[in-house]
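From a predicted model like this one, the values you see are computed outputs, not experimental measurements.
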Amino acid sequence: VRVISLLRTAAALPQIINQLIKLLSDSDNYIREAAAGAIGNFGAVVIPEILPTLAKMLTDNNAHICQAAARTIGNLGSAAANQEILSQLN
């Protein structure tokens, strides 16, 4: 039963990530922060479409959004270290 549950979760992963990507642009700061945190929990799973939004979030007026984006980038590891991200961190 656990294996079947894990397989269903793995099969749903692209849909989950796509929904989280959409939520990164939500107008509600709490939703954006939570979505960034959830994406960071995936670890080294990096979808290139996430990175420009995370880079933009690093310059948000809300400090919690900036921190959530930075934590997410840190959790994603070196795969998230593209030029756009690195330029926002300087």
Report summary line: Result for side-chain contact (heavy atoms from CB on, under 4.5 Å) between I39 and one of I17, L23, L24 points to L24

Note, [X] side chain near [Y] side chain (heavy atom, < 4.5 Å):
X: H64; Y: N29; answer: no
X: T72; Y: I50; answer: no
X: R71; Y: E33; answer: yes

Report summary line: The reported gap from OG1 in T59 to CD1 in I65 (rounded to nearest 0.5 angstrom) is 11.5 Å

**Report entry** Cluster link Y30 to I21, ILVMFWY, side chain under 4.5 Å
**Finding:** no

Taking all atoms of both residues into account, what is the closest heavy-atom pair of [X] and [Y], and its distance?
X: S25; Y: T53; answer: OG-CG2, 4.2 Å
X: I85; Y: L58; answer: O-CD1, 4.3 Å
X: L20; Y: A35; answer: O-CB, 3.9 Å

Report task. Give a yes or no on this: more than 12 heavy atoms of other residues, nucleotides or ligands lie within 6.0 Å of atom CG of D28. Result -> yes

Requested in this report: Please list, chain by chain and in numerical order, all residues satisfying salt bridge (Lys or Arg N to Asp or Glu O under 4.0 Å) with D60, sequence neighbours excluded.
Outcome: R32

